[in-house]
Amino acid sequence: MSAAISERDSWRALGALVIGFFMILVDSTIVSVATPTLMVTFGADISQVLWVTSAYLLGYAVPLLITGRLGDRFGPKRLYLAGLFSFTLFSALCGMSTGIEMLIAMRLLQGLSASLMTPQTMAAITRMFPAERRGPAMGVWGAVAGVAVLVGPLAGGLLVDSLGWEWIFFINVPIGLIGLVLAYRLVPAFETNRHRFDILGVILSAVGLFCFVFGLEEAENFDWGHIQGPFTVWRLIIAGVVVLGFFVLWQAVNRAEPLVPLQLFRDRNFSVANLAISMMGFTTTAMVFPMMMYTQVAHGLSPTRAALLMMPMAVVSIVLGPVVGRGMLRINPRWFAMIGFFVLCCSLLGYSVAMRPGWSVWWLLVPSFFLGIGSSGIWGPLSMSATRNLPPHRAGAGAGVYNTTRQMGAVVGSAAIAVLMQARLAAHLPGTDGPATTMGTRLPEQVADP
């Protein structure tokens, strides 16, 4: 840091940072509840509307390694403010979209803006709070992350029903402006490190991640490679894996300053936390979309009523997040994470049992409650474990890697649930073209009775 910062000022700065962090994570899932409305408004099929979320995830995931390192070079505060300003601007343009293509393009730019912000929040926490006082701060960060990813549908439902789909984006404008003022005034300027930028590493990571992520996101639209031309899905995915392999090799042999110092992974806490957070990203992304389609399309609930089924999760996460954070000062974070993942698995099993014909939709409130408990034990403890041994000059690089693995899990989860839903619809509803004809604001007559 450029100057010492008191504990009180550290908490005020954290409060300013989590406003923007909460907003960009909400936007990862807020569109899911508006899927039927967007299909009707723009006359789009489900694959086009899925790209409204996928474009955001693509723009968010690909640059994270780079933006984390840029935070070390130019300072977390500068990168965060630049990202929050552009995110607010593109949010307004999303709400002004006149066609599905414009909306997808603006969502891509939103994602790029979000990638500037996310690593800076973790890097700032690592610099503002010493390891022995970092637990409560990471508890708050984790509570915000856990609530935001899953509360998006709740906010989206209320806004779609009351003000219209545009307001799931317009709502970011006043929040973003408030966040800009607070971050500018309260977040300290940190010392920067004159890193030699790894240009080859930037190119390899960007190309590899883009090919891999784009291939996964487009897999179902292109029927997993059954299209003409050289750019089939499988070729893109394989090319992405190969390029990422060269990227890792270059990071290992680069004796200057690699984009991702592989020494980070010598710390077992960092390595295990990265693997675990990728699983959490996969789970949270994969579960929200089918749940919103099930409650709105199969049960005919309004977006607001469908989203309210997530309320127990949000309330429990808000209450337990700070409690878990204080507990990490005395108890190893891994115990919280282990219990959290066990409860998470139980809640997902509960959802699979409750989402059956003949069962009241209100049974979904029970697994939602346990999902809140599980999430509280995962987000904060994993981030605490990942940053516990990070030196300040590698805070940005470590945060970039951690958030990249989380987003990669989310991207794979988004692609996987699309493939699974397409396969199940084709198996159980023969004679239809899959989601494009079976998904809308209500079930077709030939499907509703069976």
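Values below: all heavy atoms of this structure, side chains included; hydrogens, waters and symmetry mates excluded.
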Sorted by chain and number, sequence neighbours left out, side chain to side chain donor-acceptor pair (under 3.5 Å) with Glu166 holds for none
Between Ala13 and Leu186 the two heavy atoms that sit nearest each other are CB-O, 3.5 Å
Would you kindly say whether Asn172 and Ser91 are connected by a side-chain donor-acceptor distance under 3.5 Å?
yes
Please name the pair of heavy atoms, one in Met291 and one in Met355, separated by the smallest distance, quoted to 0.1 Å.
CA-CE, 4.1 Å
Donor-acceptor pair, Lys77 side chain versus Pro188 backbone, under 3.5 Å?
no
Side-chain contact test, heavy atoms from C-beta onward, threshold under 4.5 Å: evaluate it for Arg334 versus Pro381 and give yes or no.
no
To the nearest 0.5 Å, how far apart are OG1 in Thr37 and CH2 in Trp165?
10.5 Å
Are Ile125 and Leu14 close enough that some pair of their side-chain heavy atoms sits under 4.5 Å apart?
yes
Looking at Thr121, is its backbone amide N or carbonyl O close enough to the side chain of Tyr80 to form a donor-acceptor pair, meaning the two atoms are under 3.5 Å apart?
no
Output yes when a side-chain donor or acceptor of Thr67 lies under 3.5 Å from a complementary backbone atom of Ser115, and no otherwise.
yes
So, Asn254 side chain and Trp250 main chain: donor-acceptor pair closer than 3.5 Å or not?
no
Show me the pairs that pass salt bridge (Lys or Arg N to Asp or Glu O under 4.0 Å) and involve residues 105-124, at least two apart or across chains.
Asp27-Arg107
In sequence, state the C-alpha distance, the side-chain angles, and the governing distance for Leu371 and Leu344, and then conclude on side-chain contact (heavy atoms from CB on, under 4.5 Å).
CA-CA 5 Å; Leu371 181 63; Leu344 174 70; 3.2 Å; yes
Do you know which two heavy atoms are closest between Leu64 and Gln407, and how far apart they sit?
CD1-CG, 3.6 Å
To the nearest 0.5 Å, what is the distance between CG (Leu244) and CG (Leu209)?
5.0 Å
Nearest heavy-atom pair of Val18 and Gly15: which atoms, and what distance?
CG2-O, 3.3 Å
Verify whether one side chain among Ser86 and Ser113 offers a donor that lies under 3.5 Å from an acceptor in the other.
yes
In the structure I gave you, are the side-chain heavy atoms of Val315 and Phe369 within less than 4.5 Å of one another anywhere?
no
Atom OH of Tyr294 with >12 non-hydrogen neighbours under 6.0 angstrom:
yes
When you look at Phe170 and Leu163, which way does the side-chain contact (heavy atoms from CB on, under 4.5 Å) test go after all the steps?
CA-CA 10 Å; Phe170 286 153; Leu163 298 173; over 6 Å; no
Roughly how far apart are Phe246 CZ and Gln251 CD, rounded to 0.5 Å?
14.0 Å
CH2 of Trp363: more than 12 outside heavy atoms within 6.0 angstrom?
no
Between Tyr56 and Ile24, is there a side-chain heavy-atom distance shorter than 4.5 Å?
yes
Got Trp359 and Val353 here, is their nearest side-chain heavy-atom distance under 4.5 Å?
yes
Report the distance from atom CD1 of Ile66 to atom CG of Leu116, rounding to the nearest 0.5 Å.
10.5 Å
Please check: side-chain N/O of Ser352 versus main-chain N/O of Leu349, any donor-acceptor pairing under 3.5 Å?
yes
With a 4.5 Å limit on heavy-atom distance, are the side chains of Pro367 and Leu348 in contact?
no
Would you mind telling me which of Thr284, Val324, Val144 makes a side chain to side chain contact (heavy atoms under 4.5 Å, CB included) with Trp379?
Thr284
Stepwise, does the side-chain contact (heavy atoms from CB on, under 4.5 Å) test hold for Val401 with Phe265?
CA-CA 10 Å; Val401 172; Phe265 293 96; 3.6 Å; yes
Between CE of Met117 and CG of Asn403, what distance do you get to the nearest 0.5 Å?
12.0 Å
Could you walk me through whether Ser385 and Asn269 satisfy the side-chain hydrogen bond (donor to acceptor under 3.5 Å, both in side chains) test, starting with their C-alpha distance in whole Å, then the side-chain angles of each, then the deciding distance to 0.1 Å, before giving a yes or no?
CA-CA 5 Å; Ser385 296; Asn269 287 340; 5.4 Å; no
Note: Phe370 and Val343 closest approach over all heavy atoms is O-CG1, 3.2 Å
Beyond-backbone contact of Gln110 with Phe169, side-chain heavy atoms, under 4.5 angstrom
yes
Check whether any side-chain N or O of Arg78 sits under 3.5 Å from a backbone N or O of Gly75 as a donor-acceptor pair, and report yes or no.
no
For the side chain of Ser271 and the backbone of Arg268, is there at least one donor-acceptor N/O pair under 3.5 Å apart?
no
Hey, mind stepping through Thr118 and Tyr60 against side-chain contact (heavy atoms from CB on, under 4.5 Å) and telling me if it holds?
CA-CA 9 Å; Thr118 302; Tyr60 194 174; 2.5 Å; yes
Between atom CE of Met128 and atom CH2 of Trp11, what is the distance when rounded to the nearest 0.5 Å?
9.5 Å
Are Leu382 and Phe341 close enough that some pair of their side-chain heavy atoms sits under 4.5 Å apart?
yes
Which atoms form the tightest heavy-atom contact between Met311 and Ser368, and what is the distance?
N-OG, 4.4 Å
